[in-house]
Chemist: 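One structure, pasted below without further comment.
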Protein chains: 2
Amino acid sequence: MVKLLFGDCKDKLKEIDSNSIDLILTSPPYANQRKNTYGGVYPDRYVEWFKPISDELYRVLKHTGTFILNIKENVIEGQRSLYVMKLVISMVDNNWIFTEEFIWHKKNSFCGKWPNRFRDSWEHLYQFNKNKKFNMFQEFVMQDACESTKNRLKNINNKNDVKNLESNSNSGLKRNMFSCVNRDKVYPTNVIHCSTSTKNKNHPASFPEYIPEFFIKLFTEKNNVVLDPFAGSGTTIKIANKLNRNCIGIELNQEYYKMIDDYFKMRI
Amino acid sequence: MVKLLFGDCKDKLKEIDSNSIDLILTSPPYANQRKNTYGGVYPDRYVEWFKPISDELYRVLKHTGTFILNIKENVIEGQRSLYVMKLVISMVDNNWIFTEEFIWHKKNSFCGKWPNRFRDSWEHLYQFNKNKKFNMFQEFVMQDACESTKNRLKNINNKNDVKNLESNSNSGLKRNMFSCVNRDKVYPTNVIHCSTSTKNKNHPASFPEYIPEFFIKLFTEKNNVVLDPFAGSGTTIKIANKLNRNCIGIELNQEYYKMIDDYFKMRI
DNA sequence: CTGCACTATGAATCGCTAA
DNA sequence: GTTAGCGATTCATAGTGCA
């Protein structure tokens, strides 16, 4: 099941049944950015703006469900805004359980140089729940034990690579990599390394596919329901659909809405 | 100059001159439920407990100086505490400028499994200043560029790099990489990776030493003064001393104090 | 099919100038 | 005064094309 709703999620969420969603995974418009395209909420009004949406999200989420919120504070006059911290505090005041903060390390962050700061290379991924007990399927997101040699492992069977390794050194590198192949998988940490997508040209802030895939596998099973109230270019619900989850997307912008709609029409 | 003070930093800080410190770099005791642990402060009293210390730190810091605060919220009954966010908000209320949040990604090898969360592998490194202008010596913490970038910068013939080019998004980003030709070092980002590996030539320091080294090089020059009001095992002031900075350490615990004192006596 | 070179671009920020 | 616009700065990664 794929359901697409066109409109402001503050209103459209009311059409969704209570306790019906297994995973909410979204990236709302950040404060005071992208004035001409999307949202454009000022930092000092952000918490107030998000409150009614947060309440609706709480209502529609199952007791075993999870809400993943992707957000990042921008710099205003040399200071990082505080609206994100205030938002988290406000959500806890409104019954949400703040279970964990994952870090999305963006490996290919923007270039640039300033006298007072380095490039911003990470974003928040807050995990909220309604209950201390919730569904979590850790075994479906296990990773290779030797993450750093993953790329080299891909080519380990290539004759040239093996030959080069053998001839180049006595380092034992080849042996080490082969031993990694047979090692058990390990659980990930709360730092997710992932580069930003460079494919999606039409949306200024689209997720790379890895992030939604990770959380959908971690927090839902097949035929569960995934919701993205700020669907944007639709990455989250496309991945959810691909992974045989039901999904609901809400999008305010007609162009983005049509893009997602067209995508699913094409696939029928 | 190495100065060691034995006692509670709330009191001992009063012995330090105003506007005399170039870098404060510390990791205060984290809030804890248990009473008898070192420094044990309850989460709901943390902000209140830190306030007089924060005020003293503000007083002793130079206008061009920086305060780096390393902290991480613990989990209490399945929830991440909010005292860290409340502390940052409180410090901004008390005149501190919240310039940046670095992420310390700890590539630790701890194993462990919990039903409701993954291994915690990062900590906050908050940067506070008294002024929007402060000393920052970025060139002293530059890192090796990745191989592909190095190769590309050797012979630029990509039209996008030579010409100014507008980005597709609204960011206004333009590129003119011509000035980067033959460069092999790049500036770091605000995500700091600490590897246990000693392979990397740029990071000869062992795991816990890299963080103070990075910030001391970034925010101070030789003969500047570095302060750690919660000196602990003394890593920060040992590194500061090694890098020819003056340093002041304050430590409440007699055992730790003696350890640091012995270390510097041995070196005379 | 592989290896290598080349191309495109992503939720950026600061400081100055003009209005 | 305040704000809006614009130039300057500078990486890492994934995808494409071609030998």
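Keep in mind that this is a model prediction, so the values were computed, not measured.
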Chemist: Respond yes when some side-chain nitrogen or oxygen of Arg119(A) is under 4.0 Å from OP1 or OP2 of dA11(C), and no when none is.
Modeler: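 So the side chain of Arg119(A) is outside the cut-off, no N or O lying under 4.0 Å from OP1 or OP2 of dA11(C).
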Chemist: Mapping Trp104(A) and Gln79(A) onto DNA chain C by nearest heavy atom, which one lands closer to the 5' end?
Modeler: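 On the 5' side of the pair lies Trp104(A).
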Chemist: Check the geometry between Tyr30(A) and dA11(C) and answer yes if their rings are stacked (centres below 5.5 Å, planes below 30°), otherwise no.
Modeler: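 Stacked: centres under 5.5 Å apart, planes under 30°.
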Chemist: Phosphate oxygens OP1/OP2 of dG15(C): is one of them under 4.0 Å from a side-chain N or O of Lys133(B)?
Modeler: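 Answer yes for this pair, as a side-chain N or O of Lys133(B) is under 4.0 Å from OP1 or OP2.
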Chemist: Quick one: Phe207(A) CZ to dG10(C) P, roughly how many Å, whole number?
Modeler: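 Rounded to the whole Å, the gap is 16 Å.
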Chemist: Rounded to whole Å, how long is the line connecting atom NZ of Lys185(B) with atom P of dC11(D)?
Modeler: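 One finds 13 Å between P of dC11(D) and NZ of Lys185(B), rounded.
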Chemist: Please report the distance, rounded to the nearest Å, between NZ in Lys106(A) and P in dA14(D).
Modeler: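 The distance from NZ of Lys106(A) to P of dA14(D) comes to 15 Å, rounded to the nearest Å.
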Chemist: Any idea which of dT13(C), dC11(D), dG10(C) is nearest the Thr149(B) side chain?
Modeler: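 The nucleotide sitting nearest to the side chain is dC11(D).
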Chemist: Among the nucleotides dC11(D), dA11(C), dC14(C), which one has an atom lying closest to any side-chain atom of Arg117(A)?
Modeler: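 Closest nucleotide among those given: dC14(C).
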Chemist: Under a 3.5 Å cutoff, is there a donor and acceptor pairing between the side chains of Ser109(A) and Asp120(A)?
Modeler: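 Absent: no donor and acceptor within the cut-off.
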Chemist: Rounded to whole Å, how long is the line connecting atom OH of Tyr187(B) with atom C1' of dA8(D)?
Modeler: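 It is 14 Å, rounded to the nearest whole Å.
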Chemist: Evaluate Phe230(A) against Ser27(A) for side-chain contact (heavy atoms from CB on, under 4.5 Å), listing each step before the verdict.
Modeler: CA-CA 7 Å; Phe230(A) 300 95; Ser27(A) 192; over 6 Å; no
Chemist: Any chance the side chains of Ser81(A) and Asn74(A) put a donor and an acceptor closer than 3.5 Å?
Modeler: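 Per modelled atom types, Ser81(A) and Asn74(A) side chains form a pair under 3.5 Å.
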Chemist: Please find the pair of heavy atoms, one from Val60(A) and one from Leu13(A), that lie closest to each other, and give the distance.
Modeler: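 Looking at all heavy atoms of both residues, the shortest contact is CG1-O, 4.1 Å.
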Chemist: What nucleotide, of dC11(D), dT13(C), dA14(D), holds the atom closest to the side chain of Ser195(A)?
Modeler: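 The answer is dA14(D), which lies nearest to the side chain.
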Chemist: Distance check needed: dA11(C) P versus Ile71(A) CD1, whole Å only.
Modeler: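 These atoms are roughly 15 Å apart.
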Chemist: Could you identify the nucleotide paired to dA11(C), looking across every strand shown and requiring Watson-Crick or G-U wobble geometry with both distances under 3.5 Å?
Modeler: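 dA11(C) is paired with nothing.
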Chemist: When you measure from the side chain of Pro29(A), which nucleotide among dA11(C), dC11(D), dT10(D) comes out closest?
Modeler: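 So the nucleotide nearest the side chain must be dA11(C).
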Chemist: If you find the nucleotide of DNA chain C closest to Gly78(A) and the one closest to Asn70(A), which residue's nucleotide is nearer the 5' end?
Modeler: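 Result of the comparison: Asn70(A).
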Chemist: Closest to the Pro115(A) side chain: dC11(D), dA11(C), dC14(C)?
Modeler: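 Taking heavy atoms from C-beta onward, the closest nucleotide is dC14(C).
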Chemist: Taking atom P of dA14(D) as reference, at what distance in whole Å does atom CD of Glu209(A) sit?
Modeler: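 These atoms are roughly 13 Å apart.
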Chemist: Whole-Å distance between dG1(D) C1' and Glu77(A) CD?
Modeler: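 Roughly 14 Å, once rounded to whole Å.
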Chemist: I want to verify a distance call: between dC14(C), dT10(D), dA12(D), whose nearest atom is closest to the Lys107(A) side chain?
Modeler: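 Closest nucleotide among those given: dA12(D).
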Chemist: Compare every heavy atom of Asn190(A) with every heavy atom of Trp122(B), then report the nearest pair and how far apart it is.
Modeler: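 Of all heavy-atom pairs spanning Trp122(B) and Asn190(A), the closest is CD1-OD1, 3.2 Å.
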Chemist: To the nearest Å, how far apart are Asn108(A) CG and dA8(C) P?
Modeler: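 So the CG-P distance, Asn108(A) to dA8(C), works out to 17 Å.
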Chemist: Just N and O in the side chain of Asn74(A): are any of them under 4.0 Å from OP1 or OP2 of dT13(C)?
Modeler: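 So the side chain of Asn74(A) is outside the cut-off, no N or O lying under 4.0 Å from OP1 or OP2 of dT13(C).
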